[in-house]
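Please find one structure pasted underneath; my questions will follow.
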Amino acid sequence: MAQKPSIPKGTRDFSPLEMARRNYIFDTIKSVFSLYGFQQIETPAMENLSTLMGKYGEEGDKLLFKILNSGDWKAAVTHEALDNATIGALTNKVSEKGLRYDLTVPFARFVVQHREDIQFPFKRYQIQPVWRADRPQKGRYREFYQCDVDVVGTNSLLSEVELIQIVEEVYRRLGIRVSLHINNRKILAGIAEVIGQPERIIDITVAIDKLDKIGIDNVNKELLDKGLPQEAVDALQPILNLSGTNTEKLDQLEQVLAGCEVGLKGIEELRTIFALYAASTQDGNLATYEPSGLQIELDLCLARGLNYYTGAIFEVKALDVQMGSITGGGRYDNLTGIFGMPNVSGVGISFGADRIYDVLSELNLYPENLQSTTQLLFATFGEQELLYALGWAKALREKGVSVEVYPEPTKMKKQMSYADSKKIPFVAIVGGDEMTAGKVMLKNMLSGEQQLVTLEELVQLV
RNA sequence: GUGGUUAUAGCUCAGUUGGCAGAGCAUCGGAUUGUGGUUCCGAGUGUCGUGGGUUCGAGCCCCACUAUCCACCCCA
């Protein structure tokens with residue numbers, strides 16, 4: 001028991017069944033991405049630490065997996081440094097690479113590095129694992145897959161709308177009922193400005209992000225604990241208590257944020273996004289901005305931690321399962337600026353494949369027939385029959401049929417059990433009589449019926 | 001980083017006041033020497049997470065460690 005091999009905390013093996021289900025998710029997502037003209041890229045698992053550090057805030061830097069330098073990494077560390085240097089400074093000496101933390105920052109690096117070869121607007125998707133040195137728990141892993149779609153090089157809000165449509169279509173195909181929460185960083189900035197605390201935007205958003213979890217009283221308490229003046233907290237109350245339809249909320253907000261340029265800009269952006277989305281749905285109603293397709297909710301409590309977002313931000317939650325967000329993203333106006341390429345706006349979202357997997361599992365929403373790949377198994381009674389089956393198998397494979405030959409002529413019961421456990425729909429039994437007749441006994445594993453058939457008949461039947 | 005949970009057969013878990021180590025599922029064999037899924041019969045498997053302590057005696061009580069899951073922080 002204790003000596004059994006294991007894998008690192010927060011990582012997982014995937015069995016054939018799990019892979020079949022994961023591929024179902026990936027294939028569904030990919031096919032929707034393609035419908036909107038996004039093309040796939042990949043980037044390396046490891047990036048230079050200089051690329052990753054400082055992009056995810058203080059917390060993010062701590063959660064980066066860092067790779068120890070190859071060779072004599074110890075040479076760079078003097079006794080003096082060991083005693084005096086900070087952890088960060090010491091880390092820089094012994095590690096210059098790290099595992100990617102998400103796909104967005106490597107993508108920004110990709111865009112800047114390959115800018116000469118890229119036609120803008122650039123629409124790419126990327127499905128790869130990312131790593132975070134987090135403490136694992138439900139729906140949280142140290143290695144997990146993200147499915148990112150981003151479009152960079154355009155300010156058009158049509159991109160936001162396309163992403164919303166993609167969300168809608170992916171979850172429609174997967175059969176998951178979801179709600180999409182939307183907000184805008186500019187509105188959050190406007191709120192901070194209006195209550196007179198523009199530089200406290202991060203503390204404010206982090207606190208109100210918890211509103212539906214811990215309640216308004218605790219949010220207020222946390223804001224006061226963080227050192228916000230009572231007047232500012234009081235000024236915030238009408239904003240936290242907004243209600244009604246999205247349109248009504250925006251109207252109320254417009255009053256509150258009157259005269260605040262950045263806040264009004266955010267409101268205008270959301271109005272445009274709602275209008276464009278409504279226009280894109282067949283029964284859309286421009287007057288109400290309440291399209292029927294997907295439940296979209298303006299949620300001022302939505303903040304999102306990654307601090308490179310500057311415009312609209314999204315988060316998607318499953319309605320029928322208790323789980324963190326399964327998709328999230330937003331617009332970032334200047335992510336490439338960090339890498340020396342300013343004025344390239346981008347917007348993107350990320351589907352959390354592993355959480356989607358957990359949601360589908362809990363709701364039992366996987367299609368039945370995901371697993372079987374083999375169409376026909378040859379079961380044989382002896383060495384001669386085995387060779388005979390080999391020839392047939394080759395012929396069938398040339399016709400595009402997935403065929404297995406049971407590798408040894410053991411007891412029929414064992415060979416049948418194998419077919420059964422792999423859900424192989426047909427078994428061709430080969431014995432002396434069949435060989436003499438130049439046929440095989442084809443058994444339908446579902447109905448139990450069997451018949452003697454020639455190769456030509458076999459091709460027709462399976 | 002903080003708090004809690006759990007750790008017993010391949011898997012899921014029982015195990016009473018401290019007194020012989022258990023069940024279901026899975027696996028294997030047989031009923032059925034050319035036929036799976038259903039049924040019946042039979043069989044095997046344990047460093048009770050690791051190390052120490054208390055006790056005549058510890059799976060059970062105490063301590064430490066490790067792993068695990070859950071919650072917080074943060075996030076997909």
Confirm from the modelled atom types if A/R135 and B/U2 form a donor-acceptor pair under 3.5 Å, side chain to base only.
yes
What integer number of Å spans the P atoms of B/U12 and B/C74?
33 Å
NZ/NE/NH1/NH2 to OD/OE distance under 4.0 Å, A/E59 and A/K62:
yes
Quickly work out the A/F314 CZ to B/C75 C1' distance and round it to whole Å.
18 Å
Measure the distance from OH on A/Y56 to C1' on B/A76 and round it to the nearest whole Å.
13 Å
Determine whether the aromatic ring of A/F144 stacks with the base of B/A76, defined as ring centroids separated by less than 5.5 Å and ring planes inclined by less than 30°.
yes
Name all pairs fulfilling the side chain to side chain donor-acceptor pair (under 3.5 Å) condition that reach into residues 448-459 of chain A, sequence neighbours left out, sorted by first residue then second.
A/T454-A/E457
Between C1' of B/G1 and CZ of A/R132, the distance in whole Å:
18 Å
Is A/M46 atom CE crowded by more than 12 heavy atoms from other residues, nucleotides or ligands, each under 6.0 Å away?
no
Please report the distance separating the C1' of B/G49 from the corresponding atom of B/U8, rounded so that it comes out in whole Å.
10 Å
Check the distance between B/C75's P and A/I356's CD1 and give it to me in whole angstrom.
19 Å
C1' gap between B/U45 and B/A64, integer Å:
32 Å
With heavy atoms under 4.0 Å as the rule, sort A/Q137 into base, sugar-phosphate or nothing.
base
Does A/K411 reach a base, just sugar-phosphate, or nothing at all? Heavy atoms under 4.0 Å.
sugar-phosphate
If I pick the C1' atom on B/G46 and the same atom on B/G15, what distance separates them, to the nearest angstrom?
15 Å
Any salt bridge (charged side-chain N to carboxylate O under 4.0 Å, His left out) pairs touching residues 328-339 of chain A, not counting sequence neighbours?
A/E160-A/R331
Heavy atoms only, 4.0 Å cut-off, all strands: where does A/Y141 land among base, sugar-phosphate and nothing?
base
Specify the separation, in whole Å, of atom CZ of A/R355 and atom P of B/A76.
8 Å
Which pairs count as salt bridge (charged side-chain N to carboxylate O under 4.0 Å, His left out) when at least one residue sits in residues 350-362 of chain A, sequence neighbours excluded?
A/R12-A/D354, A/R22-A/D354, A/K138-A/E362
So what does A/S325 hit on the nucleic acid, given a heavy-atom distance under 4.0 Å: a base, only sugar-phosphate, or nothing?
sugar-phosphate
When the C1' atoms of B/C11 and B/A26 are compared, how many Å lie between them, rounded to an integer?
7 Å
Toward the 5' end of RNA chain B, by each residue's nearest nucleotide, A/R142 or A/P8
A/P8
Can you run through RNA chain B from 5' to 3' and write each base as (, ), [, ], | or . depending on how it pairs? Watson-Crick or G-U wobble, both distances under 3.5 Å.
((((.((..((((.....[..)))).(((((.......))))).....(((((..]....))))))).))))....
Nearest-Å distance once atom P is located in both B/C28 and B/C61:
38 Å
In plain terms, say whether A/E96 and A/K66 are close enough for a salt bridge, that is, a side-chain N and a carboxylate O under 4.0 Å apart.
no
Please name all residues satisfying side chain to side chain donor-acceptor pair (under 3.5 Å) with A/S159, sequence neighbours left out, ordered by chain then number.
none
Nucleotide B/C75, atom C1' - distance to CD of A/E59 in whole Å:
10 Å
For the C1' atoms, the ones on B/A76 and on B/G4, what distance do you get once it is rounded to whole angstrom?
25 Å
Considering only atom C1', compute the distance from B/U27 to B/G44 and round it to an integer number of Å.
9 Å
List in chain and number order the residues that pass side chain to side chain donor-acceptor pair (under 3.5 Å) with A/K30, two or more places apart in sequence or in another chain; answer none if no residue qualifies.
none
Which whole-number value in Å describes the distance from A/K55 NZ to B/C74 P?
22 Å
Salt bridge (charged side-chain N to carboxylate O under 4.0 Å, His left out) partners for A/E42, two or more places apart
none
Residue that, paired with A/Y125, satisfies ring-ring contact (aromatic ring centres under 6.0 Å, His included) out of A/F107, A/F38, A/F33, A/F351
A/F33
Letter per nucleotide, 5' to 3', of nucleotides 33-45 of chain B [B base touched, S only sugar-phosphate touched, - untouched; heavy atoms, 4.0 Å]
-BBBB--------
In whole angstrom, what separates A/K9's NZ from B/A67's P?
6 Å
Who pairs with A/D61 by salt bridge (charged side-chain N to carboxylate O under 4.0 Å, His left out), at least two apart in sequence or on another chain?
none
